[in-house]
Amino acid sequence: MRLSQMLFVTLRDDPADAEIPSHKLLLRAGYIRRIGSGVYAYLPLMWRVLQKVSQIVREEMNATGAQECLLPQLQPAELWRESGRWDTYTKAEGIMFALTDRREQELALGPTHEEVITMIARDMIRSYRQLPLNLYQIQTKFRDEIRPRFGLMRGREFIMKDAYSFNADEESLKKTYQDMYQAYSNMLRRSGLSFRAVEADSGAIGGTGSTEFMVLAEAGEDEVLYTEDGQYAANVEKAVSLPADAENSPFTSYEKRETPATETIEKLCDFLKCSPTQVVKNVLYQALYDNNTTVLVLVSIRGDQEVNEVKLQNELTKLASQYGGNAVLKLIVPDADAQKKWATKTLPLGYIAPDIADDYIQSTKDVAPKFLRLADKTVVDLKNFVTGANESGYHVVGANWDKQFTLPENIVDIRKARPGDRAIHNPEQTLKSARGIEVGHIFQLGTKYSIAMGATYTNEQGEEKPLVMGCYGVGVSRLAQAAVEQSYDQDGIIWPVAIAPYHAIVTIPNINDAQQVEIAEQLYIELNQAGIETLLDDRNERAGVKFKDADLIGIPYRIVTGRAIANGKVEVVERKSRNSHEIPITEVVSTLKGWISQALKLS
């Protein structure tokens with residue numbers, strides 16, 4: 001492609017609404033154009049990148065025996081109600097675009113396709129002889145993000161590969177899951193990316209186990225905790241660890257003490273001259289279930305620890321049936337306005353004890369009349385601890401479970417793991433932290449959807465059994481931007497060879513020099529004929545402008561038909577290393593073929 005004929009416009013300054021380097025560079029280099037909030041056009045250079053990523057994904061999926069299909073973006077609401085996820089996606093997370101058609105039927109633009117594929121399996125899979133089966137698509141998806149940002153990282157419209165497997169049993173599912181784990185690792189390696197596979201929370205998708213594939217980058221929205229021995233890595237939402245040991249309490253007897261202006265753990269410990277590891281902190285949450293029941297949740301956790309709200313929501317989901325619900329729609333720390341709806345009197349916030357009376361809650365048809373009390377494992381073995389006195393300005397010291405306070409029945413692990421914690425698999429290993437961009441996520445769904453939607457098969461014994469499912473997603477457009485976030489410099493993008501829009505760009509410094517033009521045209525034709533995808537910068541622009549644009553758009557190899565042609569050579573610059581070589585014109589094609597081949601082998 002000749003740049004003079006291409007839709008090619010670059011910007012010298014960073015766009016005002018772009019926050020991270022990859023977003024700025026893709027806009028400046030003319031890869032994408034913002035159409036609306038979280039909605040982007042993929043321009044010709046970007047579309048080539050996306051096609052290359054898609055082809056790598058397609059090849060790796062096909063190698064596992066998965067079959068490509070295309071599912072509808074428009075999905076009937078009744079399918080989502082069958083699975084029980086309509087309210088979760090339209091109200092709780094609120095990420096699904098829902099609409100009503102002219103016949104007053106409710107529909108949604110698909111953020112994911114578990115319901116659709118389960119319906120297909122229900123209608124078409126009859127026997128164990130048809131299993132295992134893995135179907136995938138590469139498709140545009142839609143999510144109504146509250147705050148779209150970071151360009152293609154968190155958009156409202158994006159390209160994704162999603163796959164769904166159907167198996168006869170858990171053992172077969174685990175084999176498919178492992179195949180997908182390997183396929184995803186291959187996809188990212190072939191794309192030239194540095195990544196880490198980590199344990200993850202399954203979220204609204206559900207299922208028993210899941211793994212995220214994180215492209216490592218400082219601008220990543222996710223925090224990954226890992227050990228240097230390579231034996232453990234997890235998203236911070238899922239991570240587990242051993243907390244620091246609690247210090248011995250300086251208090252030997254139980255008493256109530258005045259502790260003015262000590263609403264925070266830091267202020268309290270300064271005032272009492274004690275360690276936060278000897279404080280039982282009591283945090284109040286308000287959970288709304290999908291049947292509109294509000295439950296007040298009191299969490300007791302060690303003073304030096306934080307509540308992991310993802311883990312807390314998972315524990316509350318397990319208890320949903322006690323309140324007539326199936327899922328948690330919303331989890332908040334109730335402010336004064338929220339408390340007015342259910343509180344009978346002012347809560348002593350900052351001074352709450354584990355035994356705060358249930359009569360702070362007024363019973364209504366929508367509010368459960370008692371506190372749900374949960375204790376994190378970090379408080380179970382504390383002796384002579386400090387905690388609130390249920391009176392503003394006062395705490396108690398020297399308290400013990402089964403004496404002054406009753407330990408809650410629900411003992412849970414809801415603390416947030418953090419860097420420096422000891423690893424569970426080997427306490428000599430400590431957790432390290434890295435930032436990552438989630439580009440892939442695989443789930444072992446089990447029978448969650450097949451049971452809910454009646455998708456069964458007949459086994460060898462003639463028994464009807466629910467299909468065992470898995471699902472596997474890769475963000476194609478997100479992966480492309482993640483590659484930029486991982487590899488750029490002050491001058492622009494540095495694309496990995498495997499997914500670069502073109503392998504090489506031939507730059508003519510002086511368009512009025514006939515010899516420069518002739519040699520450039522010759523190389524342009526020969527390179528493309530040899531399978532080396534090549535751009536020709538034949539624009540009537542200054543050499544400096546062309547060099548800056550070539551760096552900005554990040555093409556791996558730049559060939560310059562400048563002064564070296566007097567010696568029968570051209571300058572070839574490697575974008576990544578910036579190494580410059582003078583290569584005989586007759587050897588350019590063979591040299592680049594060798595470099596590209598080597599780069600693809602290493603990726």
Side-chain angles (χ1 to χ4, degrees), residues 1 3 6-11 15 18 20-35 39-61 138-141 150-155 157-161 184 186-195 213 215 217 219 437-440 473-489 491-505 527-528 531-537 549-558 575-576 596 599-600 603:
M1 173 59 69
L3 276 187
M6 191 175 189
L7 178 61
F8 181 73
V9 178
T10 59
L11 306 173
I20 60 175
S22 58
H23 187 196
K24 295 174 184 177
L25 288 170
L26 288 174
L27 285 167
R28 282 187 53 208
Y31 280 85
I32 59 175
R33 202 75 170 181
R34 185 180 182 274
I35 303 302
V39 180
Y40 289 84
Y42 310 119
L43 299 177
L45 285 174
M46 192 66 190
W47 187 241
R48 288 182 66 90
V49 174
L50 295 174
Q51 285 178 313
K52 290 190 174 185
V53 174
S54 296
Q55 188 57 27
I56 290 172
V57 169
R58 183 174 283 114
E59 288 172 6
E60 291 299 331
M61 291 301 296
I138 298 175
Q139 165 80 282
T140 298
K141 298 294 181 75
F150 302 155
L152 308 183
M153 294 291 193
R154 188 172 288 280
E157 178 180 310
F158 54 95
I159 299 173
M160 180 178 174
K161 187 283 299 177
Y184 276 45
N186 294 346
M187 291 172 197
L188 295 175
R189 285 194 194 96
R190 287 183 59 190
S191 297
L193 301 176
S194 174
F195 70 96
F213 290 80
V215 170
I437 301 166
E438 179 197 343
V439 297
V474 166
V476 171
S477 48
R478 176 180 273 218
L479 188 155
Q481 184 171 328
V484 178
E485 194 62 46
Q486 189 175 84
S487 187
Y488 65 91
D489 63 16
D491 295 316
I493 299 167
I494 304 172
W495 285 111
V497 171
I499 61 173
Y502 291 89
H503 298 131
I505 180 168
L527 287 163
N528 278 301
I532 300 170
E533 300 166 2
T534 305
L535 279 171
L536 176 62
D537 192 347
D549 280 345
D551 283 344
L552 179 59
I553 64 177
I555 306 302
Y557 304 104
R558 182 174 83 232
R575 177 67 183 89
K576 185 175 183 179
I596 292 167
L600 294 177
S603 63

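For clarity, every value in this text was computed on a predicted model and none was experimentally measured.
Neither side chain, Gln55 nor Gln51, offers a donor N or O lying under 3.5 Å from an acceptor on the other.
Salt-bridge check for Arg558 with Asp537: failed, with every basic side-chain N at 4.0 Å or more from each acidic carboxylate O. Checked for salt-bridge contact, Arg575 and Asp489 meet the test: a charged N lies under 4.0 Å from a carboxylate O. Using a cut-off of 4.0 Å between Lys/Arg side-chain N and Asp/Glu carboxylate O, Arg190 and Glu60 are scored as salt-bridged.
Of the possible donor and acceptor atoms, none in the side chain of Gln486 sits under 3.5 Å from a partner among the backbone N and O of Leu193. Although no hydrogens or angles enter the test, the distance criterion places a donor-acceptor pair under 3.5 Å between the side chain of His503 and the main chain of Glu533. For the pair Ser487 (side chain) and Ala483 (backbone), a donor-acceptor distance under 3.5 Å is absent. Between the side chain of Thr534 and the main chain of Ile532, a donor-acceptor pair closer than 3.5 Å is present. At distances below 3.5 Å, not a single donor-acceptor pair connects side-chain atoms of Arg34 with backbone N or O atoms of Tyr40. In terms of modelled atom types and a separation under 3.5 Å, the side chain of Lys52 and the main chain of Ala500 share a donor-acceptor contact.
For the pair Ala599 and Tyr557, the tightest heavy-atom approach, listed with the atom from each and the gap, is CB-OH, 4.5 Å. Minimum heavy-atom separation, Ile35 to Ala41: CG1-N, 3.8 Å. Annotation for Val49 and Pro501: closest pair CG2-CD, 3.6 Å, computed over non-hydrogen atoms. Across Ser477 and Phe158, no two heavy atoms sit closer than the pair OG-CB, 3.6 Å. When all heavy atoms of Ala217 and Glu485 are compared, the pair lying nearest together is CB-CG, 3.9 Å. The two residues Met160 and Gly473 have their closest heavy-atom pair at CE-CA, 3.7 Å.
Note that CD1 of Ile499 and CZ of Arg48 are 13.5 Å apart. Values are rounded to the nearest 0.5 Å. Expressed to the nearest 0.5 Å, how far CD1 of Ile494 lies from CG of Asp551 amounts to 9.0 Å. Rounding to the nearest 0.5 Å gives a distance of 12.0 Å between CG of Asn186 and CE of Met61. In this structure, CD1 on Ile555 lies 6.5 Å from CG on Leu45, to the nearest 0.5 angstrom.
The ring of Tyr31 has its center closer than 6.0 angstrom to the ring center of Trp495.
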* side-chain contact (heavy atoms from CB on, under 4.5 Å) evaluation trace for Arg58 with Ile138 -> CA-CA 8 Å; Arg58 183 174 283 114; Ile138 298 175; 3.5 Å; yes
* Under the side-chain contact (heavy atoms from CB on, under 4.5 Å) rule, what do Ile437 and Gln481 come out as? Steps first, then yes or no, please. => CA-CA 10 Å; Ile437 301 166; Gln481 184 171 328; over 6 Å; no
* To do: Show the numbers, then the answer: is there a side-chain contact (heavy atoms from CB on, under 4.5 Å) between Leu152 and Ile159?
  => CA-CA 9 Å; Leu152 308 183; Ile159 299 173; over 6 Å; no
* To do: Dump the intermediate steps for side-chain contact (heavy atoms from CB on, under 4.5 Å) on Leu552 and Ile493, then the final yes or no.
  => CA-CA 6 Å; Leu552 179 59; Ile493 299 167; 5.8 Å; no
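Applying the salt bridge (Lys or Arg N to Asp or Glu O under 4.0 Å) rule to Asp491 yields the partners Arg578; only residues at least two apart in sequence or on another chain are considered.
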